[in-house]
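The basis for the numbers below is simple: all heavy atoms, side chains too, and nothing from hydrogens, waters or symmetry mates.
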Amino acid sequence: MGLPPALGLLVALALLPTASLLPVNEKGHFLVLPPEWKLEDGSSRRSGPQDEGGLDDPRYITHKEVNHEHTPSTESAAVSMMLVGAVVFNICLFYLFNFPDVDIRAQSWKVLSMTVSIFSAVLLYTSMKALLMEVLSVSSGTIGRTILNLALFLVLFVTLQVALFFLKRKDQRMQLAAASRLVAHLAGFSAMYGFAGLQTFLEGSRSNLLSAILTTAAATVSTVGLALIASTVRNQIAMADDGVIDDDEEEWMDEVRDAENDVLSLSLGFLVMQCVRCYIAGELQPYKPPDQPLPEITQAKTNQLLLWGTFFAGMTFISTWLVGRLKRYEEGSGGTTFSATQSDHAVDGLAAVRYAKVGQNVFAMAMAWTFLFWGEWQIYTAGFNGQRITGCLFLALGLLCLSLVFVFVLDAAADREMLDPEALRSLILALGVLVGISWEKAFHVSVEEVAHIGTVWGLDRALTCHMLGVSLAFLVIPAWRFYILPRSLDEGGGAAGQLKSKVGARPSVDYGGAY
């Protein structure tokens, strides 16, 4: 263990005498010594400093003077932040994946899987939207984008049902899990941006909180209604062949239910957060990743948003506790016998269990979205005025560090059973969602920036965005499917999941994403 420091010390001692060979001025500052001598007037020469004033010639620039004159540009700051962020993020992953606590390792794999899944969904969503807008000649205004996003949501929702039906065989369970997460995030982003655009379109003046709330209520009714219709159709399909729901059909129905819950929570949690920000600021706020906060945002409004995020965290804890109580009541009642007339959401025993889980997920997503925009408001309120990608990287790194601290604190409290362990770990998963969507924002902005750079080279912006999204998706999705998702499922059950994996049984994990 002592060999590397010893070698470093020997190298330093060996190089120390060479310092006496470097020219210095009377202040002890080393002079800049490129192949040519650098002068203050910008000229250079190869003759030694002994001519025309020697080492103390004031025209020669010292290291100290050069460093004081250097001012980094916004581009170099963005690249530096990207490098620092990549190093910090990857090193943190090494620590977390090898942490002694099995629950920390399990949550780390879940968060990584969810982050990569969201990133992949963003790439595909951005690519599809850019291509459809170009092919269908959709205007860049709010109405055209809103209609396109809502239509895309309906298509993806139906695609989710059909794709998972054809992947319901026992030998395709990993493909089923991968498809459910990826398509659910795609449908969730489409619904999120579609209904958020509808909020802006219906308000017109962007200052009517009631219109934002009514739009959120309409989104809730429509998405829940679609889920109920799909539930009825799934139940009829499952019971049509032999009147019995077998293991493959039950697995398929579980995956579809959890995927629908992801769609509902991702979109409704975002809309609830938009209503809160509208209430605080007095008008609807920008929500697209490239958009900066409005200049009217103050520190007082930022603090209010932080309080709302804390409120949603408390509601996540309470709703998780309620779901646990309902499940225990279901187990104590001896379960439920299913018939062909029952909807598949009754497979959970009580319909209230699923609705409580949806509420829990919506509160968790509202918490994550609220803390995300609180962090953004805080950065810009503190005086940041650099490039957008730099702000997004600052935001992602800051939230990553804060989330890691709270993850360790909450896990320690759960291990000691200070409060309901399941409820505490639900907050850990919500913090994982926060980390995932913060990096998603940075990814989204980076794709947009690269697409803009393509226009400088004479490339079409929509084509550049489409090709970039497809290329990165083909690179990222297979790695996530084969190397990250299986580990998140194997480790997903914590200590219990690992025990079942060792004895060869399928781990019992929550397939509702990481939340």
Query - Candidate pair E283 and R277, rule side chain to side chain contact (heavy atoms under 4.5 Å, CB included), full reasoning - result: CA-CA 8 Å; E283 60 180 342; R277 291 205 301 160; over 6 Å; no
Requested in this report: Starting from the C-alpha separation in whole Å, work towards a yes-or-no answer on salt bridge (Lys or Arg N to Asp or Glu O under 4.0 Å) for R234 and E260.
Outcome: CA-CA 13 Å; R234 281 196 305 271; E260 290 173 348; 2.7 Å; yes
Requested in this report: Apply side chain to side chain contact (heavy atoms under 4.5 Å, CB included) to T302 and I297, showing your working.
Outcome: CA-CA 7 Å; T302 303; I297 300 302; 3.8 Å; yes
Query raised in the report: Does the side chain to side chain contact (heavy atoms under 4.5 Å, CB included) test come out yes or no for M133 and L148, once each step is laid out?
Result: CA-CA 8 Å; M133 289 186 65; L148 177 62; 3.3 Å; yes
Query - Step-by-step side chain to side chain contact (heavy atoms under 4.5 Å, CB included) determination, N149 to F195 - result: CA-CA 8 Å; N149 281 319; F195 287 111; over 6 Å; no
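Rounding to the nearest 0.5 angstrom, the gap separating the NE2 atom in H444 from the CG atom in L123 is 9.5 Å. Separation of atoms CH2 (W374) and CD1 (I379) is listed at 9.0 Å; rounding is to 0.5 Å. Distance check: L489 CG to W109 CH2 gives 11.5 Å after rounding to the nearest 0.5 Å. To the nearest 0.5 Å, atom OG of residue S446 and atom CG of residue L472 are 8.5 Å apart. Remark: D103 CG to L424 CG distance equals 11.5 Å, nearest 0.5 Å. To the nearest 0.5 angstrom, L271 atom CG is 6.0 Å from S267 atom OG.
Applying side chain to side chain contact (heavy atoms under 4.5 Å, CB included) to M367 and the options L431, V433, L434 leaves one that passes, L431. Considering H185, R257, Q175, E255 in turn, E255 is the only one that fulfils the side-chain hydrogen bond (donor to acceptor under 3.5 Å, both in side chains) rule with S180. Here the options are Y193, F153, F119, the test is ring pair (Phe, Tyr, Trp, His ring centres under 6.0 Å), and the partner is Y125; only Y193 passes.
Annotation: side chain of F371 is in contact with side chain of L306 (closest heavy-atom distance under 4.5 Å). At a threshold of 4.5 Å between non-hydrogen side-chain atoms, the residues M365 and F270 do not count as touching. Considering only heavy atoms from C-beta on, L266 comes within 4.5 Å of W369 through its side chain. In this structure, L124 and I477 have side chains that are in contact, with non-hydrogen atoms separated by less than 4.5 Å. Side chains of Q236 and T232 form a contact here, defined as non-hydrogen atoms less than 4.5 Å apart. With contacts defined as side-chain heavy-atom distances shorter than 4.5 Å, the pair Q378/F373 does not qualify. Side-chain atoms of K357 and D258, non-hydrogen and from C-beta on, do get closer than 4.5 Å to each other. Considering only heavy atoms from C-beta on, R105 stays 4.5 Å or farther from K110 through its side chain.
Taking the six-membered ring for Trp, F99 and F408 have ring centres closer than 6.0 Å. For W252 and F165, the gap between ring centers is short of 6.0 Å.
S403 contributes no side-chain N or O that, together with a main-chain N or O of L400, makes up a donor-acceptor pair within less than 3.5 Å. A side-chain donor-acceptor contact under 3.5 Å links R181 to the backbone of A177. Side-chain N or O atoms of N235 include none that pairs as donor or acceptor with a backbone N or O of S231 at under 3.5 Å.
Closest of all the heavy-atom pairs between I484 and S113 is CG2-CA, 3.6 Å. Taking each heavy atom of G194 and T146 in turn, the nearest pair found is O-CG2, 3.3 Å. Scanning all heavy atoms of the two residues, the minimum distance from L399 to V435 falls at O-CG2, 4.4 Å. The two residues A121 and L186 have their closest heavy-atom pair at O-CD2, 3.3 Å. Among all heavy-atom pairs drawn from A364 and A430, the shortest one is CB-CB, 4.1 Å. Looking at every heavy atom in both residues, L156 comes nearest to S190 through CD1-OG, 3.5 Å.
Residues Q199 and T215 bring no donor and acceptor atom of their side chains to less than 3.5 Å of each other. Under the 3.5 Å distance criterion, with hydrogens and angles disregarded, a donor-acceptor pair is assigned to the side chains of T320 and Q360. A donor-acceptor pair shorter than 3.5 Å cannot be found between the side chains of S117 and W480.
With a 6.0 Å radius and a threshold of 12 heavy atoms from other residues, nucleotides or ligands, F394 has its CZ atom at or below the threshold.
For K441 and E376, the salt-bridge test passes: some basic side-chain N is under 4.0 Å from an acidic carboxylate O.
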